[in-house]
Amino acid sequence: MKHRLHSLMIACVAAGLLASRAARGQVTPAEGYTPPDDTPKVNVGGTIFADYTYQDVPTAKDADGGVVHPNSFNLARAYINVTGQINHWVSFRITPDITRQTVSGTGVTLNTNNNLVYRLKYAYGQLNFDDFAPKGSWLRLGTQQTPWVDFEEGVYRYRFQGTIFADREAFLSSSDFGVSTHWNFPMNYGDVHVGVYNGETYTGAEANDQKAFQARLTVRPAPMIPVVRGLRLTGFYDGDHYERDAERKRYIAALTFEHPWVHAGAEYLDTKDRSSRLKTFSTHATGFSAWVTPRTPIGIEALLRYDELKPNKDHNTVDPDGKKKRFIGGVSYWFPVTKAGIAAAVLVDYENVKYEGFAAGNSNRKPEEKRYALHTLFNF
């Protein structure tokens with residue numbers, strides 16, 4: 001009897017404690033619930049692109065007029081990436097970038113002329129929506145990645161060889177000043193990235209009152225089927241103006257595929273540029289790019305890429321059938337790593353650029369280019 005009374009008293013006390021905690025809101029979290037991490041964090045990393053490039057053609061002349069094949073050791077990129085979070089709602093990134101300082105105009109002298117100097121590539125604050133939206137949804141304000149270039153570079157891993165098609169032909173930039181939002185679709189069916197930017201890229205200040213609206217929509221048709229899970233269809237639009245009534249527009253349609261043994265992509269680009277409203281017509285350029293990077297289990301990969309651009313497509317312009325063609329072929333080795341975000345690779349490649357169908361005097365008519373290079377990537 002005493003044992004029963006003792007057990008009853010313990011049960012009553014326990015029930016009272018639980019009721020008291022519930023009244024004060026101190027309910028034990030449900031089993032399996034992990035509270036968000038609100039610990040402030042700062043991480044420091046870096047990215048280095050270093051290469052040696054030998055130009056077979058065209059040749060150049062040295063100071064005494066002798067014919068030489070230009071060749072040099074180069075540092076194409078040196079990032080210092082500072083990332084972190086204030087809490088699980090607010091995160092940030094600051095990334096200085098290295099560039100070659102040059103001077104334009106006459107009568108100007110800078111001590112840093114032709115030196116490597118730092119400029120700001122990314123600097124933004126981010127509001128994360130993971131509490132009420134699919135993970136990876138957010139809002140950004142500041143100097144940040146633009147929707148198309150950031151997306152394709154995530155699939156095409158050879159930025160250390162050179163920029164992607166739209167960026168290399170100077171139609172788009174990888175970074176700009178603005179505000180944007182990104183949303184992932186449920187069940188990994190795709191995502192959308194929309195932003196408003198100055199439109200002058202991260203290298204220049206806003207020149208007028210015009211803003212660039214950029215939007216990318218990506219759909220993954222079959223995320224539940226392992227063989228075709230990496231297939232994605234993407235549409236991109238960039239609507240901007242050089243000045244009022246002087247359009248600057250870009251359209252891209254693309255197909256990309258990711259698999260443990262191969263990455264591949266194909267895209268079509270359509271652009272319209274009217275640099276001044278006083279001009280009576282826009283320059284209409286079109287082109288496409290296709291690339292594939294087959295892999296092996298031992299870290300050896302191949303890079304095959306072909307770009308083709310028609311700078312003046314419309315037949316009321318000069319040389320409408322003129323084309324710029326680029327072929328890139330190479331073999332790379334990716335060193336084994338055990339942590340996400342860490343990478344090291346070396347690439348030996350050949351690049352050939354041809355300019356066909358342009359009449360004498362056309363600025364698009366240039367000599368054929370042939371380059372051989374050794375590229376390296378260090379990301380940590």
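Keep in mind the model is a prediction, meaning the values are calculated, not measured. Residues: numbered from 1 along the sequence shown. Atoms considered below: every heavy atom in the structure, side chains included; atoms not considered: hydrogens, waters and symmetry mates.
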Enquirer: Just distance, no hydrogens or angles: give the donor-acceptor pairs under 3.5 Å from side chains in residues 57-65, sequence neighbours left out.
Expert:
residue : atom : partner : partner atom : Å
D62     : OD1  : D64     : N            : 3.0
D62     : OD1  : G65     : N            : 3.0
D62     : OD1  : G66     : N            : 2.7

Enquirer: What residues, two or more places apart in sequence or in another chain, satisfy side-chain contact (heavy atoms from CB on, under 4.5 Å) together with N87?
Expert: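 Listed in chain order: D38, W89, V90.
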Enquirer: Keeping to residues at least two apart or across chains, list the side chain to side chain donor-acceptor pair (under 3.5 Å) pairs with something in residues 252-262.
Expert: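 Applying side chain to side chain donor-acceptor pair (under 3.5 Å) to every pair that reaches into residues 252-262, excluding sequence neighbours, yields R232-E258.
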Enquirer: Going by the rule salt bridge (charged side-chain N to carboxylate O under 4.0 Å, His left out), which residues pair with E308 if we only count those two or more places apart in sequence or in a different chain?
Expert: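 Per chain and number, E308 pairs via salt bridge (charged side-chain N to carboxylate O under 4.0 Å, His left out) with K323.
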Enquirer: Could you check W138 against F92 for ring-ring contact (aromatic ring centres under 6.0 Å, His included), going step by step and ending with a plain yes or no?
Expert: CA-CA 12 Å; W138 41 256; F92 58 85; over 10 Å; no
Enquirer: With R119, which residues qualify under salt bridge (charged side-chain N to carboxylate O under 4.0 Å, His left out), at least two apart?
Expert: D97
Enquirer: Scan residues 135-156 for pairs that pass salt bridge (charged side-chain N to carboxylate O under 4.0 Å, His left out), counting only residues two or more places apart or in two chains.
Expert: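 Sorted result for residues 135-156: D130-K135, E153-R159.
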Enquirer: Is the positively charged end of R248 above the ring of Y242, judged by distance under 6.0 angstrom from the centroid and angle within 45° of the axis?
Expert: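 Because its charged atom sits under 6.0 Å from the ring centre and within 45° of the axis, R248 does stack over Y242.
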Enquirer: Quick one: list whatever passes side-chain contact (heavy atoms from CB on, under 4.5 Å) with E368, sequence neighbours left out.
Expert: N352, K354, K370
Enquirer: Considering residues at least two apart in sequence or located in another chain, which fulfil the side-chain contact (heavy atoms from CB on, under 4.5 Å) criterion with P147?
Expert: H193, Y197, Q214, R216, F236
Enquirer: So, using salt bridge (charged side-chain N to carboxylate O under 4.0 Å, His left out) as the criterion, who are the partners of K366 when residues are at least two apart?
Expert: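 Once residues adjacent in sequence are excluded, K366 has no partner under the salt bridge (charged side-chain N to carboxylate O under 4.0 Å, His left out) criterion.
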Enquirer: Return the set of residues passing salt bridge (charged side-chain N to carboxylate O under 4.0 Å, His left out) with R274 (not counting sequence neighbours), or none when no residue passes.
Expert: none
Enquirer: Quick one: sort the H375 and F160 rings into parallel, tilted or perpendicular, breaks at 30° and 60°.
Expert: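 Geometry flag for F160 against H375: perpendicular rings.
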Enquirer: Only pairs at least two apart or in different chains count here, so list each ring pair (Phe, Tyr, Trp, His ring centres under 6.0 Å) that has a residue in residues 52-77.
Expert: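 Residue pairs with at least one partner in residues 52-77: Y52-F73, Y54-H69.
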Enquirer: Between R326 and E369 (salt bridge meaning N to carboxylate O under 4.0 Å), is one present in this structure?
Expert: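 No, no charged N to carboxylate O under 4.0 Å.
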Enquirer: Could you name each residue pair satisfying salt bridge (charged side-chain N to carboxylate O under 4.0 Å, His left out) that touches residues 42-58, not counting sequence neighbours?
Expert: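 Listed once each, the pairs would be none.
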